[in-house]
Amino acid sequence: MSSVRHLIEPTDLTQQEIEEILQLAEKIIEKPEAYANACNGKLLATLFFEPSTRTRFSFEAAMLRLGGRIIGFSEPNSSSVAKGESVKDTIRTIACYSDIAVIRHPKEGVPRLASKYSDIPVINAGDGGHQHPTQTLTDLLTMRVLKKGLEHPTVGFCGDLKFGRTVHSFVKTLAKQGEAKYIFISPPELKIPEYIKEELPEGSYVEISSLDQAMEELDVLYMTRIQRERFLDEGEYMRLKDCYILNNEKLEHAKEDMIIMHPLPRVNEIADEVDKDPRAVYFQQAKFGMYVRMALIIKLLEMEGK
Amino acid sequence: MIRIDTIKKGIVIDHIKVGHGYKIFNHLGLDKSDYTVALLKNIPSNKLGSKDLIKIENDIHLDLTVLGLIDPGVTVNIIENGIKKEKIKLTLPERVKGTLKCKNPRCVTTLENIDDVEFTLVNREKKEYRCEYCDARTSM
């Protein structure tokens with residue numbers, strides 16, 4: 001089983017491998033028809049133990065656009081898990097039928113456990129508040145395509161930086177890609193954890209609580225949702241939920257070529273009026289998510305050039 | 001001062017931090033032993049000020065990893081024919097398998113029976129270990 005490659009967290013990939021996946025994704029964007037049969041005859045299993053629309057659809061769309069096929073379930077009640085089957089047994093069985101598996105689970109570490117018992121590649125599509133590596137690849141591809149040639153970007157992360165797994169993975173991976181300046185914008189209660197900052201070069205980041213203060217400096221603004229499900233105290237959630245709302249007025253001081261990213265879903269942290277602004281790229285970002293997953297599937301199945 | 005005889009064959013666990021002696025005593029199951037054992041608490045010590053100490057008049061298997069986790073400062077002396085045959089200084093183990101339990105309630109280890117969950121030392125000072133599955137930090 002050791003020769004099979006899995007993607008459980010971003011660090012499972014070397015910088016070289018990330019580069020190769022992003023390059024391949026760019027080639028797919030340029031000429032998708034050239035990859036329409038890249039995974040002919042291959043089967044992707046989607047094991048979604050908790051609801052998801054975007055991630056599941058993007059994986060399924062990715063495989064279908066590569067000429068492959070899909071099987072799977074989108075909630076555990078429709079699988080043997082409802083009968084008490086273990087994750088280990090579920091993955092061992094699925095591996096008999098399919099060529100690659102995608103897993104989302106509310107418990108942290110389930111994809112890692114599954115990968116230990118799987119002789120087909122396993123991709124983590126989100127495990128609780130832990131990791132979501134394909135969102136990180138999506139974010140990297142978005143910046144690469146839309147901010148091409150920008151060598152030392154100033155990236156602002158705004159909102160829930162404490163619980164936001166996408167921010168944690170993105171910052172850690174971005175830090176390995178090259179020089180950048182990070183502006184962490186959050187209320188004191190939702191500051192980015194120490195262990196993330198520890199991995200950043202000294203002097204490369206600042207922490208502030210005002211979005212207005214950072215706006216004119218930013219090349220990229222990464223907005224996040226204040227996640228209700230992470231709060232134990234409903235009162236605290238109510239107090240913080242509207243602390244950052246991006247609207248056209250706030251964007252008046254932003255650079256003309258800044259881009260606004262968001263992992264989605266959004267609630268109200270970006271006003272609808274912003275959607276018309278050419279700087280708002282979050283729906284394009286969702287599309288890049290499909291392309292980067294196409295590239296990842298090709299890589300893990302070793303179908304490139306076949 | 002209370003005096004305990006030197007032992008002929010067995011193990012002396014020395015330099016135990018005050019208060020840890022009872023924990024180690026229990027962990028080794030010495031409360032159920034049918035051979036001679038002694039737990040001494042609050043003994044004056046040049047090195048520590050005061051310390052706990054355990055003497056075991058028997059050849060038992062010691063899990064040094066677990067001992068190191070409870071108290072990395074202890075010294076284990078192996079005694080044969082009344083003399084010290086070997087002296088082992090413990091340290092905090094870099095990796096621990098099957099001993100620690102992840103304290104993160106959202107971790108898969110709380111959902112499934114998994115043997116030998118591996119924990120990696122991340123903070124020596126706080127004795128913190130990282131769970132291989134969920135990355136949460138946990139200590140003994």
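By convention in this document, chain letters (A, B, ...) are assigned in the order of the sequence lines, proteins followed by strands, and residues within each chain are numbered from 1.
In this structure a side-chain-to-backbone donor-acceptor pair under 3.5 Å is present from B:Glu112 to A:Val87.
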Name every donor-acceptor pair, under 3.5 Å, that has one atom in a side chain of residues 84-98 of chain B and the other anywhere in the protein, sequence neighbours excluded.
from    : atom 1 : to       : atom 2 : distance (Å)
B:Glu94 : OE2    : B:Arg124 : NH2    : 2.5
B:Arg95 : NH1    : B:Glu118 : OE2    : 3.2
B:Arg95 : NH1    : B:Thr120 : OG1    : 3.3

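In the displayed structure, B:Tyr35 atom OH is contacted under 6.0 Å by more than 12 heavy atoms of other residues, nucleotides or ligands. The environment of A:Lys162 atom NZ is sparse: at most 12 non-hydrogen atoms of other residues, nucleotides or ligands sit within 6.0 angstrom.
The closest side-chain donor-acceptor pair between B:Thr109 and A:Lys107, if any, does not fall under 3.5 angstrom.
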Derivation of the side chain to side chain contact (heavy atoms under 4.5 Å, CB included) call for B:Arg106 and A:Asp127: CA-CA 10 Å; B:Arg106 297 179 303 275; A:Asp127 56 338; over 6 Å; no
For the pair B:Val108 and A:His105, evaluate side chain to side chain contact (heavy atoms under 4.5 Å, CB included) and give the outcome as yes or no after the intermediate values. CA-CA 9 Å; B:Val108 63; A:His105 200 288; over 6 Å; no
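Looking at residues two or more places apart in sequence or on another chain, you find no salt bridge (Lys or Arg N to Asp or Glu O under 4.0 Å) involving A:Asp99. With sequence neighbours excluded, no residue forms a side chain to side chain donor-acceptor pair (under 3.5 Å) with B:Glu128.
Summarising the geometry of A:Glu9 relative to B:Asp135, their closest heavy-atom pair is OE2-OD2, 4.1 Å, with the distance given to 0.1 Å.
Of all residues in residues 13-31 of chain B, none places a non-hydrogen atom less than 4.5 angstrom from a non-hydrogen atom of chain A.
A side-chain hydrogen bond (donor to acceptor under 3.5 Å, both in side chains) with B:Tyr133 is found for exactly one of A:Arg112, A:Lys116, A:Glu108, A:His130, namely A:Lys116.
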